[in-house]
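Notes to accompany the following structure.
Reminder, nothing fancy here: chain letters follow the sequence lines and each chain counts from 1.
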Amino acid sequence: MLRFLQERVNKTTKELDAKPAEVRTGENYSAEAATLATKQGRVQDLMRRLAEKLGKENDTEGGR
Amino acid sequence: MNGALRVLFASSLLVFAAAAQEEGIESPVPAVPVPPVAVQNPFQPFDRVRFEAAAQKLGATPEQIATFGKRIDEVGLARAADDLLRAAVPTFDAAVKVHESGDPAAAVELTRVLAATQDPLLQAHVRYHLARLFLDSDDPELSISTLNDYLEKNLNHSPLDAEAAYFYAQSLAEIPAPDLALPRFRAFLQWFPQASERFRSAAHQRIGEIERQNESRLHGLADGMKKTSRDLRKKRFDDPTQQDQKKYIEELDALIEEFQEKENQSGGKASGTGPSSNPANESALPEGDGSVGNLEKRPSLADRWGDMKDAEREKIQAELNKGLPPQYQKMLEEYYKKLGKAQK
């Protein structure tokens, strides 16, 4: 799932990068950037949670 | 800082060789300059006589200075010193109160006080509060930039030096640039054994977290993604950002492959693929005394900015153009632009 979510963020990044200069100053463009940043932040949160979960499990297994 | 001291400070700097992270995941690089950690401690012991003389020059009365002396044991040296400066300089006190109330106009008010003074002690205190404000607003790079000025121009004037050093490391950790934050947290602990226990405990905790995270490729990935999220907020969609994102996919592919191998070898489901039975908690700062301001998260300034009426926002933005030097105008324009995006 993480891979899928990151792929979608990458795709949107490319799309926004390809937009013409005159579009880039508009309110919509700023809003799209903010939304995309939030999505990247969500993928990061999920990654962090997975890292912490696996870290805890490894600690538990190591302590056995 | 006088010329000789500046040379001593500069000559004591050595480049800290950032340890390459495992498995090719690179630590994010801050967009602002981060001077190397000083091998030799650039901070001098607090000179109370000099501090009180400087406070008097700013307008502190003998009674206010006497109160400062009495309050050190009660609230800690840094807080007592900040309170003395606030009592001596009403415009500074008013600006800090705006910050404490969570008003988005605080950045303008503090910057006005900064722009109006050449006094290094007052500059130190204003820059400290500005850096805290930027950090509270999820803008660690602006916080670092402000603390760079503090370290370059206002070092060894105020007992706030210890907290400035702590928040420098904290800002780097927030970027996140763990390789840069780690030696600075360690330097803080080494150089400020008398700092508030609250900050020392928090520094120990952050060091532990960073060390654990450095051992994990997944934490390295999450660190990179956090930096990318901030880049996207700044509309950096070009090749460097896309290359970072491409690396995340490659790294995720490699991790998935590893998990599948583990699953095949153990003949069952790989560890960590099911729902969490014990979700991670946010790291919490310990309770304690003796610090300026509040270490806990405040209500988001971005939310407050978003809740304001258009006329109120326009009034703050109009203030930016009234008599502030260009470098401060630029800093505040950048800050409010990001604050506006954060609440969307």
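Side chains of B:K235 and A:S30: a donor on one and an acceptor on the other come within 3.5 Å. No side-chain donor from either of B:S143 and B:Y168 sits under 3.5 Å from a side-chain acceptor of the other.
Proximity to chain B at a heavy-atom threshold of 4.5 Å picks out A:K14, A:L16, A:D17 from residues 14-21 of chain A, in numerical order.
Within a 6.0 Å radius of CD in B:E250, other residues, nucleotides and ligands contribute more than 12 heavy atoms.
One distance of note links CG of B:L180 with CD1 of B:I175; it measures 8.0 Å at 0.5 Å rounding. Once rounded to the nearest 0.5 Å, the distance linking CZ of B:F199 with NE2 of B:H204 reads 14.0 Å.
In this structure, no portion of B:L255 lies under 4.5 Å from any heavy atom of chain A. For a residue to count as touching a neighbouring chain, one of its non-hydrogen atoms must lie under 4.5 Å from one of that chain's; by this rule B:L232 touches chain A with backbone and side chain alike. With a threshold of 4.5 angstrom between heavy atoms, A:R42 does not approach chain B through any atom at all.
Although no hydrogens or angles enter the test, the distance criterion places a donor-acceptor pair under 3.5 Å between the side chain of B:Y248 and the main chain of B:G224.
Ranking B:Q245, B:K246, B:Q242 against chain A, the residue ahead of the rest is B:Q245, based on heavy-atom pairs under 4.5 Å.
B:F237 and A:Y29 have their aromatic ring centers within a separation under 6.0 angstrom.
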**Asked** Yes or no on ring pair (Phe, Tyr, Trp, His ring centres under 6.0 Å) for B:Y335 and B:Y328, after CA distance, side-chain angles and deciding distance?
**Response** CA-CA 10 Å; B:Y335 170 69; B:Y328 294 133; over 10 Å; no

